[in-house]
Every structure is written in C-alpha cells, then in structure tokens.
Amino acid sequence: RKEVEQDPGPFNVPEGATVAFNCTYSNSASQSFFWYRQDCRKEPKLLMSVYSSGNEDGRFTAQLNRASQYISLLIRDSKLSDSATYLCVVFSSNTGKLIFGQGTTLQVKP
Amino acid sequence: GAGVSQSPSNKVTEKGKDVELRCDPISGHTALYWYRQSLGQGLEFLIYFQGNSAPDKSGLPSDRFSAERTGGSVSTLTIQRTQQEDSAVYLCASSSDKLSGSGNTIYFGEGSWLTVV
C-alpha cells in the first residue's frame with residue numbers, strides 16, 4: 001500500500017461546478033498536511049496547508065480527518081484556470097520526509 | 001536568490017555518461033530535498049538534507065545516484081553511467097526548518113529536465 005493515495009482521475013467538470021478530492025495516508029504519525037498544485041511541465045506550488053480544524057481560502061476548502069487518516073480538498077465555482085494536477089502531501093516526523101501522492105488531475109471545461 | 005534555483009534547466013546526455021545537477025536553495029533554508037518525477041508520474045523522494053545531520057538517502061534508486069551538500073547550502077545530485085530510465089525531471093526543494101507540524105512547507109525549484117538518449 002502506498003503511503004499517500006489519491007484517485008488519479010481525471011476529473012472532468014464544467015465551469016462553475018463544485019469538485020472534491022480525497023487523499024488517504026497510512027502513517028498515523030503524520031503531522032503536517034498540504035495540497036500542492038502542479039501545472040503541466042511546471043514545478044509543484046503550494047496551494048494550501050491543511051489544519052485539523054479545517055481551513056478555507058476563497059473557493060478552496062481543505063479538511064483533515066485524523067481518525068480516518070484522510071484529507072480532502074473542495075473547490076467551489078470551478079474556473080478554467082483551476083485545471084491542473086492536485087497533489088496531496090504528508091509530512092511524518094518519524095521519517096522526516098514529505099511524501100507526495102500521485103496527484104489528481106482536474107480538467108475544467110467551458 | 002528569491003527562490004530555489006536549479007541548473008541546468010535541460011540536459012540531454014548519452015547513455016553511460018555521468019551528469020551533475022545543481023540546486024541552490026532559498027537563502028537561510030536549512031532543509032533541502034531532491035525528488036524525481038517521470039513523465040505523467042508522481043514525485044519520487046530521493047534524498048533529504050537537514051542542517052549538519054546525516055542525509056536521508058533512503059530514496060536513492062541505485063548506487064549510481066549520489067548527492068552532497070556543501071557548506072549547508074548548494075547541493076549537487078550526481079548520476080553515474082546514466083540509463084534511459086533515468087530520464088525525468090529532477091526537482092529540488094528547500095524549507096526554512098525541519099518540518100515539525102508547524103505548518104512550515106517547502107518550495108520547489110523549476111527542475112532539471114534530464115533526457116538520456
């Protein structure tokens with residue numbers, strides 16, 4: 001089993017749709033969680049950190065469920081510019097490493 | 001510099017040759033990571049440096065791969081006797097401290113795109 005698992009998609013949605021991605025992690029000692037966005041042939045860039053209480057940044061909402069060991073990202077009112085691959089990232093202090101999921105590809109259509 | 005700087009940005013090399021990839025992290029960042037990403041695939045952890053601690057080399061795929069970090073700043077990833085399966089983008093990232101649940105995160109360079117022919 002991979003340490004961090006995501007549904008690779010692709011998710012094809014119309015503009016204005018709400019879309020949700022989930023990510024599960026296997027290491028219960030994981031401490032920090034992030035969502036990164038990666039555009040085609042570009043480096044990953046931080047989208048948002050994920051906090052236990054959940055957090056929101058504009059149209060983006062991230063949630064963490066430690067008991068079930070999953071993280072979610074909700075995108076409301078999808079824009080064409082949201083088309084990208086979204087990477088779930090987990091940091092575990094017992095390994096000291098950041099582990100990336102395979103990424104979920106989102107394609108927003110006009 | 002303002003961000004993580006990597007060089008070369010693109011490298012085409014012949015099978016069997018050695019290559020060196022360089023990473024200059026954000027000034028003051030103590031942690032440095034190397035990842036590899038093959039086309040259409042996720043990020044594969046290679047190696048992690050934190051301050052003066054011994055590096056975590058657990059992700060290096062074979063003994064043809066090595067990395068060093070001189071003076072706690074610039075890092076060089078060396079691939080000896082390159083093979084076609086080494087073709088990928090090699091991404092370097094740095095962070096200001098060891099991640100410890102503080103919410104601190106890492107910042108990536110633009111990558112070195114390696115093609116072995």
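Values below: all heavy atoms of this structure, side chains included; hydrogens, waters and symmetry mates excluded. Each chain gets a letter, A, B and so on, in the order its sequence line appears, and its residues count up from 1.
Within 6.0 Å of CG in A:L80 there are more than 12 heavy atoms belonging to other residues, nucleotides or ligands. More than 12 non-hydrogen atoms from other residues, nucleotides or ligands lie less than 6.0 angstrom from CZ of B:F65. A 6.0 Å sphere centred on CD of A:Q69 holds more than 12 heavy atoms belonging to other residues, nucleotides or ligands. The neighbour count for B:E85 CD, taken as heavy atoms of other residues, nucleotides or ligands under 6.0 Å away, is above 12.
Put simply, A:V19 and A:F60 are part of the same group of oily side chains (I, L, V, M, F, W, Y) that touch within less than 4.5 Å, one to the next. Put simply, B:F45 and A:F34 are part of the same group of oily side chains (I, L, V, M, F, W, Y) that touch within less than 4.5 Å, one to the next.
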Test side chain to side chain contact (heavy atoms under 4.5 Å, CB included) on A:L98 and B:Y35 and set out the steps. CA-CA 10 Å; A:L98 272 176; B:Y35 289 86; 3.1 Å; yes
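Residue A:Q38 touches chain B through its side chain alone, counting heavy-atom pairs closer than 4.5 Å. Contact annotation for A:F33: neither backbone nor side-chain heavy atoms come within less than 4.5 Å of a heavy atom of chain B. Residue B:Q37 touches chain A through its side chain alone, counting heavy-atom pairs closer than 4.5 Å.
Taking NZ of A:K42 as the reference point, atom CG of B:L91 lies at 12.5 Å (rounded to 0.5 Å). Distance check, rounded to the nearest 0.5 Å: CZ of A:F91 to CD1 of B:I106 gives 10.5 Å.
Ring centers of B:F108 and A:F100: under 6.0 Å apart, within the cut-off.
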